[in-house]
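Some notes on the structure that comes next.
Given the structure is predicted, the values throughout are model-derived calculations rather than measurements. Only heavy atoms go into these numbers, but all of them, side chains included; no hydrogens, no water, no symmetry mates.
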Amino acid sequence: MKPYQKLKALLGVLALFVILSLVMVRAMQATVTTAEAGPDQPYREIDSNAESPTISFIDSPSATCYRPVAGTNACYIEWDYLYVAANSGQYIISMTVAIDNQIRAYHAGFFQSYMYIPVSMTAPGYKVACGPPSSVTGLGSTYAYTIRARETGGLSATNFGSVTCPGDIINLFLPLIQR
């Protein structure tokens, strides 16, 4: 190779390196800006098509609360299944289940376009206190739940709801001790 051709090849490689470096710097700046907002801080979600949903949907049918043993004040909240699907070209990062603003489950995804959590994965359910029976309905405590899912594009979806547990009375029997 002639020295002129070597110089031309070297300049081409150098220009390619500079262009790739600029692309990496821009990508890192966008990542830092998104990370600074944090999960608890408000942030703006950007969607290229305002009419399309951010995540296809979260399906969480039949939230139920049941009491397996009477007199224990122990009830369990469960769903038949939890399902979330991401937009085309995106992957599910995580899905969380919160009951009365306390996270009770965190499910992480790894390069999957949907997440399906059957009832058998969370059996017997999420334990809560049944609460005393109401004088009108006989039902116990009502719990609010929030199911959130995030995808790789930084977008999220949320389902809200509530479930009422059966009322339960705890009977304590103290031993009779005579002196």
Side-chain angles (χ1 to χ4, degrees), residues 34-45 47 52-88 90-179:
T34 304
E36 287 174 353
D40 297 327
Q41 300 294 320
Y43 63 95
R44 182 180 303 170
E45 294 180 351
D47 192 0
S52 69
T54 55
I55 291 181
S56 296
F57 60 89
I58 296 177
D59 189 15
S60 56
S62 305
T64 57
C65 183
Y66 69 96
R67 179 189 64 209
V69 179
T72 60
N73 198 31
C75 286
Y76 295 89
I77 297 174
E78 69 178 3
W79 288 265
D80 290 341
Y81 62 88
L82 300 172
Y83 176 84
V84 62
N87 263 344
S88 178
Q90 301 295 325
Y91 300 107
I92 297 296
I93 296 173
S94 66
M95 179 173 24
T96 60
V97 176
I99 298 173
D100 279 353
N101 294 323
Q102 292 183 330
I103 293 182
R104 303 296 291 275
Y106 177 86
H107 303 281
F110 185 74
F111 294 107
Q112 56 195 71
S113 57
Y114 69 92
M115 186 178 290
Y116 177 79
I117 310 296
V119 68
S120 60
M121 281 183 67
T122 59
Y126 304 102
K127 187 176 180 179
V128 295
C130 297
S134 165
S135 61
V136 177
T137 62
L139 296 174
S141 299
T142 299
Y143 293 94
Y145 63 85
T146 306
I147 302 169
R148 295 183 196 279
R150 293 183 47 229
E151 69 179 21
T152 53
L155 304 174
S156 63
T158 307
N159 270 10
F160 300 94
S162 64
V163 62
T164 302
C165 295
D168 196 15
I169 297 174
I170 299 175
N171 295 318
L172 292 177
F173 298 103
L174 299 175
L176 178 62
I177 300 175
Q178 297 179 350
R179 286 186 182 210

V84 and H107: side-chain contact (heavy atoms from CB on, under 4.5 Å), yes or no, with the steps? CA-CA 11 Å; V84 62; H107 303 281; over 6 Å; no
Chi angles and distances behind the side-chain contact (heavy atoms from CB on, under 4.5 Å) call for L82, I58: CA-CA 7 Å; L82 300 172; I58 296 177; 6.0 Å; no
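Contact between G140 and T164 at its shortest, heavy atoms only, is O-CG2, 3.9 Å. The minimum heavy-atom distance between S156 and R150, with the atom names listed, is CB-CG, 4.0 Å.
Identified under the ring pair (Phe, Tyr, Trp, His ring centres under 6.0 Å) test for residues 116-158, with sequence neighbours left out: W79-Y145, Y81-Y116.
The main-chain N or O of K127 is found under 3.5 Å from a side-chain atom of R104 such that the two form a donor-acceptor pair. N73 contributes no side-chain N or O that, together with a main-chain N or O of D168, makes up a donor-acceptor pair within less than 3.5 Å. Under the 3.5 Å distance criterion, the side-chain polar atoms of E151 are left unmatched by any main-chain donor or acceptor of A86. For the pair R67 (side chain) and G167 (backbone), a donor-acceptor distance under 3.5 Å is present.
Remark: R148 CZ is loosely packed, at most 12 non-hydrogen atoms of other residues, nucleotides or ligands lying under 6.0 Å away. Atom CZ of F160 sits in a crowded spot, with more than 12 heavy atoms from other residues, nucleotides or ligands closer than 6.0 Å. Atom CD1 of I170 is surrounded by more than 12 heavy atoms from other residues, nucleotides or ligands within 6.0 Å. Atom OH of Y114 has 12 or fewer heavy atoms from other residues, nucleotides or ligands within 6.0 Å.
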In residues 91-99, what donor-acceptor pairs under 3.5 Å come from side-chain atoms, sequence neighbours left out?
none

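Disulfide criterion (SG-SG under 2.5 Å) for C130 and C75: met.
Distance check, rounded to the nearest 0.5 Å: CG of N159 to CG of D59 gives 8.0 Å. A distance of 14.0 Å separates CG in D80 from CD1 in I117, rounded to the nearest 0.5 Å.
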